[in-house]
Number of protein chains: 2
Amino acid sequence: MVDTAIGLADREGLAAVTMRAVSRALGVVPMTLYTYVPGKAEMLDLMLDAVYIRTPRADTTGARWRTRLTAVADENRALFSAHPWAAEISTLRPPLGPGLMAKYEHELSALDGLGLSDVEMDDCLTYLLSFVQANAREAHQAAAVATAGDDAQWWARVGPLLAQVLDERRYPLASRVGTAAGEAHGSAHDPDHAYRFGLARVLDGLASLIERAEPGSPGRQLSADGTG
Amino acid sequence: MVDTAIGLADREGLAAVTMRAVSRALGVVPMTLYTYVPGKAEMLDLMLDAVYIRTPRADTTGARWRTRLTAVADENRALFSAHPWAAEISTLRPPLGPGLMAKYEHELSALDGLGLSDVEMDDCLTYLLSFVQANAREAHQAAAVATAGDDAQWWARVGPLLAQVLDERRYPLASRVGTAAGEAHGSAHDPDHAYRFGLARVLDGLASLIERAEPGSPGRQLSADGTG
DNA sequence: GATGTATGTTGTACATCGTACAGAGTTGTC
DNA sequence: GACAACTCTGTACGATGTACAACATACATC
């Protein structure tokens with residue numbers, strides 16, 4: 001049942017994952033699903049944990065920390081690329097299943113031995129994953145928009161309206177920078193570029209914390225937060 | 001109509017914003033709304049642009065760039081704090097209204113004169129705003145979860161299950177770090193802490209780009225992306 | 001003043017959703 | 001063979017977004 005739902009979500013998007021659709025794919029009446037699951041939310045949790053379990057995880061022991069964290073980010077990006085719906089499901093009060101635990105353990109190991117405190121390790125990982133998820137969400141939305149309305153067609157429709165609002169006198173910076181960014185990326189938003197740019201920023205930001213700590217030390221357990 | 005919808009969303013959440021609820025608050029039948037708006041999506045766009053317009057924006061001309069960008073981040077955080085639903089609305093193909101334009105112009109000005117190219121300015125702003133929005137979404141979800149299920153009660157229910165899955169032998173890092181983080185924040189996730197920590201990382205990450213450029217220069221227009 | 005047209009409003013109706021509830025099979029154990 | 005536990009089914013309810021046709025009112029034109 002979870003596999004069926006995942007397949008459905010991969011092919012037709014999260015909105016297509018209805019109890020009726022899943023049950024139909026299983027050749028069963030909708031209410032049957034409620035024998036195995038209390039409600040739809042729990043089914044989504046199970047879907048998420050299932051894809052977590054199957055994520056391939058590269059062993060980067062011994063590599064530089066930037067390489068290791070890049071691998072973690074890329075793994076998550078690949079996951080969201082294969083299952084875009086995963087980025088849309090609520091992550092707070094996460095599905096504490098075996099998949100999430102294995103994922104958490106593996107990703108923490110990329111931050112181990114860098115001289116960070118336990119809390120800092122969690123902070124850094126949360127920060128990194130939050131960036132990847134936000135980017136994945138943007139990418140997914142950008143793709144959905146692109147397929148929906150031909151993009152060029154949308155720009156043609158919105159262009160005049162934009163010119164009207166985008167008074168160059170009142171908004172000189174916005175018009176100049178907006179135009180430059182749009183032309184550089186060939187569209188309103190380029191998630192691939194945003195990922196490369198953002199990941200570089202994330203790593204640089206973490207560097208100011210990590211490279212202040214001594215590698216190999218047991219960690220500065222007393223650091224309350226990493227704000228300096 | 002937009003004001004009514006905003007009030008409804010502020011008080012009862014985005015899920016409570018139904019065409020029927022808005023129309024009822026206006027003392028009118030649901031279909032009347034469709035005279036002014038083609039569909040619900042457009043109404044949400046108008047709501048977003050309306051709160052953008054009303055956002056107070058501090059003039060930080062002359063201050064250090066970290067101060068200016070912190071102000072931008074805090075303004076957005078305040079907006080999402082006052083209108084949590086704003087963080088949940090699709091932002092791709094954004095509502096190109098006067099509110100968004102004014103916001104964009106103002107926020108770009110905080111990045112002006114730092115020697116960044118136009119594209120880099122957009123990249124940096126996008127990166128910063130994406131962080132704030134992701135954090136706001138987490139905070140909103142955390143709050144919703146807290147009110148829903150007493151938190152302590154939830155931990156009591158999930159604790160045993162967690163201990164079972166969280167085999168310390170198999171997942172030593174996860175159990176140690178997870179426990180430390182949970183105890184430090186008093187719960188599973190602390191969005192306030194994540195904001196302070198994350199903003200510091202964001203600024204450090206941007207510093208590696210900004211402080212490489214010469215302040216006051218017209219910008220390195222040829223830099224394709226900021227990945228170094 | 002009468003009339004045609006735009007504009008705002010209403011009621012009814014439909015398809016879709018999650019799921020509550022009561023009952024009908026099927027299976028395994030004593 | 002009888003009972004209990006599970007699994008499965010059909011029907012039904014209240015929500016949602018919105019299509020469609022009919023109605024009211026206001027204003028421009030003759």
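Lettering of chains follows the sequences in order, A, B, ..., and the numbering in each one begins at 1.
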Exercise. Within a strict 4.5 Å, meaning less than it, do heavy atoms of the Lys103(A) and Thr55(A) side chains meet?
Worked result: no

Quick note, side chain to side chain donor-acceptor pair (under 3.5 Å) partners involving residues 16-33 of chain B, not counting sequence neighbours, are none

*Salt bridge check: are Asp45(A) and Lys40(A) linked by an N-O gap of less than 4.0 Å?*
no

Here the distance between atom C1' of dG8(C) and atom CG of Leu26(B), to the nearest Å, is 14 Å

query: Do Met101(B) and Tyr52(B) touch side chain to side chain, with heavy atoms closer than 4.5 Å?
result: no

note: Leu8(A), atom CG; dC17(C), atom P; distance rounded to Å ~ 11 Å

Of the listed dT9(D), dG8(C), dG17(D), the closest approach to the Thr32(A) side chain comes from dT9(D)

Taken to the nearest whole Å, NZ/Lys40(B) to C1'/dT16(D) is 8 Å

Applying side chain to side chain contact (heavy atoms under 4.5 Å, CB included) to Ala134(B) and not counting sequence neighbours gives Ser130(A), Ala134(A)

- Task: Determine the interplanar angle of the Phe131(B) and Tyr127(A) rings, folded into 0 to 90°, and report it as parallel if under 30°, tilted if 30 to 60°, perpendicular if over 60°.
- Result: perpendicular

Closest to the 5' end of DNA chain C, once Tyr36(B) and Arg20(B) are matched to their nearest nucleotides, is Tyr36(B)

Picking from dT9(D), dG18(C), dT7(D), the nucleotide nearest the side-chain atoms of Met19(A) would be dG18(C)

When rounded to whole Å, the CG to P distance for the pair Leu33(A) and dG10(D) reads 14 Å

Polar atoms only, N or O, under 3.5 Å: list the protein pairs with nucleotides 20-29 of chain C and their distances.
none

note: Met1(A), atom CE; dC8(D), atom P; distance rounded to Å ~ 11 Å

Out of dG18(C), dT18(D), dT10(C), minimum distance to the side chain of Val29(B) belongs to dT10(C)

Check: What nucleic acid atoms does Thr35(B) come within less than 4.0 Å of, heavy atoms only: base, sugar-phosphate, or nothing?
Finding: base

Arg24(B) atom CZ is separated from dT16(D) atom C1', nearest whole Å, by 12 Å

Pair Asp59(B), His106(B): side-chain N/O donor-acceptor within cut-off below 3.5 Å
no

